[in-house]
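Worksheet for the structure shown next.
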Amino acid sequence: MARHATPWPEARAAAHAAGVSRAARAPSGHRPDQAPATAPAAVAPALAPLPAALGRVLAAPLTALTDLPSFDTSAMDGWAVAGPGPWRALPDGVLAGQERPEPLGDGQAVRIATGARIPRDTTAVIRSEHAHVDDKGHLYAQHDVVPGQDIRPRAQECRTGDRLLPRGTLVTPAVLGLAAAAGYDTLPVAPRPTVEVLVLGDELLTSGLPQEGRIRDALGPMLPPWLGALGADVTAVRRLGDDADTLYAALARSTADVIVTTGGTASGPVDHVHPALRHLGADLLVDGVAVRPGHPMLLARLPATATAPPGQAAPGQAPPGPQAPPDPQASLAPQASPRYLVGLPGNPLAAVSGLLTLAAPLLRGLAGRPAAAPYAVPLRDDVHGHPRDTRLVPVSVRGPYAVPLRYNGPAMLRGIAVADGLAVVRPGGAGRHQEVEILDLPWGEARGQYGELSSGGPNGPFNEVCFT
Ligand SMILES: Nc1nc2c(c(=O)[nH]1)N[C@H]1C(S)=C(S)[C@@H](COP(=O)(O)OP(=O)(O)OC[C@H]3O[C@@H](n4cnc5c(N)ncnc54)[C@H](O)[C@@H]3O)O[C@H]1N2
Ligand code: MOO
């Protein structure tokens with residue numbers, strides 16, 4: 001079988017574009033890699049209470065519902081003063097949460113707490129440790145007092161209506177805090193795409209030691225939490241063995257946004273993924289990728305309706321197996337939105353490669369998130385390249401360097417289990433200290449758990465230092 005392997009960068013772009021494009025409605029001949037870089041999430045947004053929004057993606061920009069701070073506020077515990085000192089210390093104080101305090105007269109000072117509303121006509125706040133009151137009740141400052149010092153003026157952080165975060169931002173704990181501060185009780189979020197995992201292979205055991213030629217299923221335990229960390233809602237994990245009819249029925253019956261299969265992508269006697277997709281009339285968007293490990297990985301768009309009822313081959317198509325699928329529920333229900341299938345190779349590290357090459361960008365696209373911004377880290381050591389294909393090599397990020405890890409064979413998980421990411425090594429290899437793109441693992445330390453930051457545009461958070 002001579003398939004044309006898609007170059008690795010194009011495969012990733014095609015997977016992301018497939019997610020954002022709602023491509024099932026595209027005319028035939030549509031190229032998923034020409035879809036826009038961002039799009040509304042493929043599933044309708046909903047308003048979620050703040051705790052439920054964690055880990056989802058903003059379906060609309062976050063706009064400030066209030067000025068922040070919403071009133072002039074003291075940055076320190078100390079004294080609010082009016083005019084030049086020394087000042088007459090008033091007997092009462094102003095606490096955070098207190099309603100509008102009395103205005104200060106020229107020459108007066110009042111004790112004030114951090115976060116308290118500044119009395120009208122205050123010129124500065126003096127920290128308590130920088131002032132003292134004499135026995136006549138006069139307040140003296142130990143340093144020059146600069147007008148406005150230690151006052152956080154209203155709207156210092158944002159004005160009502162300012163755009164705080166763009167659509168497509170992942171809701172992190174910090175985003176929840178910002179949203180609450182800015183006045184939100186609920187957030188418009190895209191639902192997480194649903195994913196069903198189908199584990200193929202008669203040789204797989206679900207407990208105990210490998211024996212009699214059979215091995216433990218490593219992917220059933222690994223993929224659901226990994227897909228969850230990539231933004232999916234895994235609705236089911238089914239172990240199907242190596243039966244063509246069972247696979248066809250499971251694909252036909254599924255209502256998940258994405259089906260992830262493991263194994264059966266190659267052309268061996270029990271590799272049923274391609275025949276099942278053919279029989280379903282699926283559109284193969286990516287059929288093999290020029291990447292090691294994992295080159296048999298594939299991405300297909302499943303048809304909205306059946307091309308043939310179960311058990312009957314459509315014209316010109318072979319049935320999936322010797323017998324018609326026995327399950328009467330296996331008819332293809334019409335689907336409102338496109339469904340996709342990511343076929344991961346069975347070798348476990350090859351499956352990880354497929355997960356990060358195809359599933360991760362697809363899920364981002366489905367949630368309405370932009371493609372992950374690439375970033376590079378210099379390699380500590382030389383890495384051999386494949387002559388034609390990209391290699392994905394587990395690395396640990398130590399100091400400024402990505403250290404290539406051993407045990408990186410396609411059937412091995414020992415390297416990836418201690419990795420922070422996968423280094424993208426272009427054909428021909430990469431030399432010591434050469435910068436290479438890193439694909440983060442969701443729990444990796446290279447860039448943190450919640451993905452890359454958005455700069456937020458010209459008014460984003462990176463332009464100004466603000467500290468007290
Ligand atoms: N003639 C060719 N044979 C193979 C090619 C090829 O190009 N031509 N490619 C090889 C590569 S590369 C890979 S990767 C595998 C992919 O094969 P499949 O996706 O069909 O996977 P299987 O044959 O079902 O399994 C491969 C291997 O992985 C083990 N496996 C499967 N599932 C699991 C699991 N859940 N947990 C742990 N291990 C699993 C399985 O026992 C096999 O050892 O094809 C090569 N062959
Ligand atoms: O996909 Mo395979 O050997 O490259 O594991």
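In listed order, ligands and their atoms are each counted from 1.
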Enumerated ligand 1 atoms positioned under 4.0 Å from heavy atoms of [X]:
{"X": "D271", "answer": "20 (O), 23 (O)"}
{"X": "A266", "answer": "17 (O), 18 (P), 19 (O), 20 (O), 44 (O)"}
{"X": "D217", "answer": "34 (C), 35 (N), 36 (N)"}
{"X": "H295", "answer": "7 (O), 9 (N), 12 (S)"}

Does any N/O atom on [X] come nearer than 3.5 Å to any N/O atom on ligand 1?
{"X": "E203", "result": "yes"}
{"X": "A218", "result": "yes"}
{"X": "G346", "result": "yes"}
{"X": "T265", "result": "yes"}
{"X": "G264", "result": "yes"}
{"X": "I215", "result": "no"}

Test your reading of the model: is there a side-chain donor-acceptor pair from [X] to the backbone of [Y], 3.5 Å cut-off?
{"X": "R239", "Y": "D217", "value": "no"}
{"X": "R398", "Y": "V403", "value": "no"}
{"X": "S21", "Y": "A17", "value": "yes"}
{"X": "R159", "Y": "A64", "value": "no"}
{"X": "T73", "Y": "A116", "value": "yes"}
{"X": "T114", "Y": "D77", "value": "yes"}
{"X": "N347", "Y": "A350", "value": "no"}
{"X": "H16", "Y": "A371", "value": "yes"}
{"X": "N408", "Y": "L405", "value": "yes"}

Subset of ligand 2 atoms that lie under 4.0 Å from at least one heavy atom of A350: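 Heavy-atom distances to A350 below 4.0 Å select 1 (O), 5 (O).
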
ask   = Going by the order shown, which atoms of ligand 2 are within less than 4.0 Å of some heavy atom of P296?
value =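 Near P296, meaning under 4.0 Å from one of its heavy atoms, ligand 2 has 1 (O).
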
* Could you tell me whether H295 approaches ligand 2 through its side chain, its backbone, both or neither, with non-hydrogen atoms closer than 4.0 Å? =>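 It is both parts that get close, each with some atom under 4.0 Å.
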
Just to confirm, does any protein heavy atom lie below 4.0 Å from [atom]?
{"atom": "atom 2 (C) of ligand 1", "answer": "no"}
{"atom": "atom 19 (O) of ligand 1", "answer": "yes"}
{"atom": "atom 37 (C) of ligand 1", "answer": "yes"}
{"atom": "atom 24 (O) of ligand 1", "answer": "yes"}
{"atom": "atom 10 (C) of ligand 1", "answer": "no"}

Of the protein's non-hydrogen atoms, which lies at the shortest distance from [atom], and what is that distance?
{"atom": "atom 5 (O) of ligand 2", "answer": "P410 CB, 2.7 Å"}
{"atom": "atom 8 (N) of ligand 1", "answer": "S267 OG, 4.9 Å"}
{"atom": "atom 4 (O) of ligand 2", "answer": "G294 N, 2.9 Å"}
{"atom": "atom 26 (C) of ligand 1", "answer": "N347 N, 3.8 Å"}

Minimal non-hydrogen separation, P293 against L392, with atom names
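So the two residues come closest at CD-O, 3.8 Å.
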
May I ask you to decide if the ring planes of W226 and W443 are parallel, tilted or perpendicular, using 30° and 60° as cut-offs?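 Judged by the thresholds at 30° and 60°, the geometry between W226 and W443 is perpendicular.
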
Answer yes or no for R216: is there a heavy-atom contact with ligand 1 below 4.0 Å?
->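 Yes, R216 has a heavy atom closer than 4.0 Å to ligand 1.
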
If only side-chain N and O atoms count, and only distance matters, is there a donor-acceptor pair under 3.5 Å linking [Y] with [X]?
{"X": "T194", "Y": "D257", "value": "yes"}
{"X": "R380", "Y": "Y401", "value": "no"}
{"X": "H272", "Y": "D243", "value": "no"}

Could you say whether the N/O atoms of N347 and ligand 2 ever approach to under 3.5 Å?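 Checking ligand 2 against N347, an N or O pair does fall under 3.5 Å apart.
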
Is V273 touching ligand 1 with its side chain, its backbone, both, or neither, if touching means heavy atoms under 4.0 Å apart?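 Neither part.
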
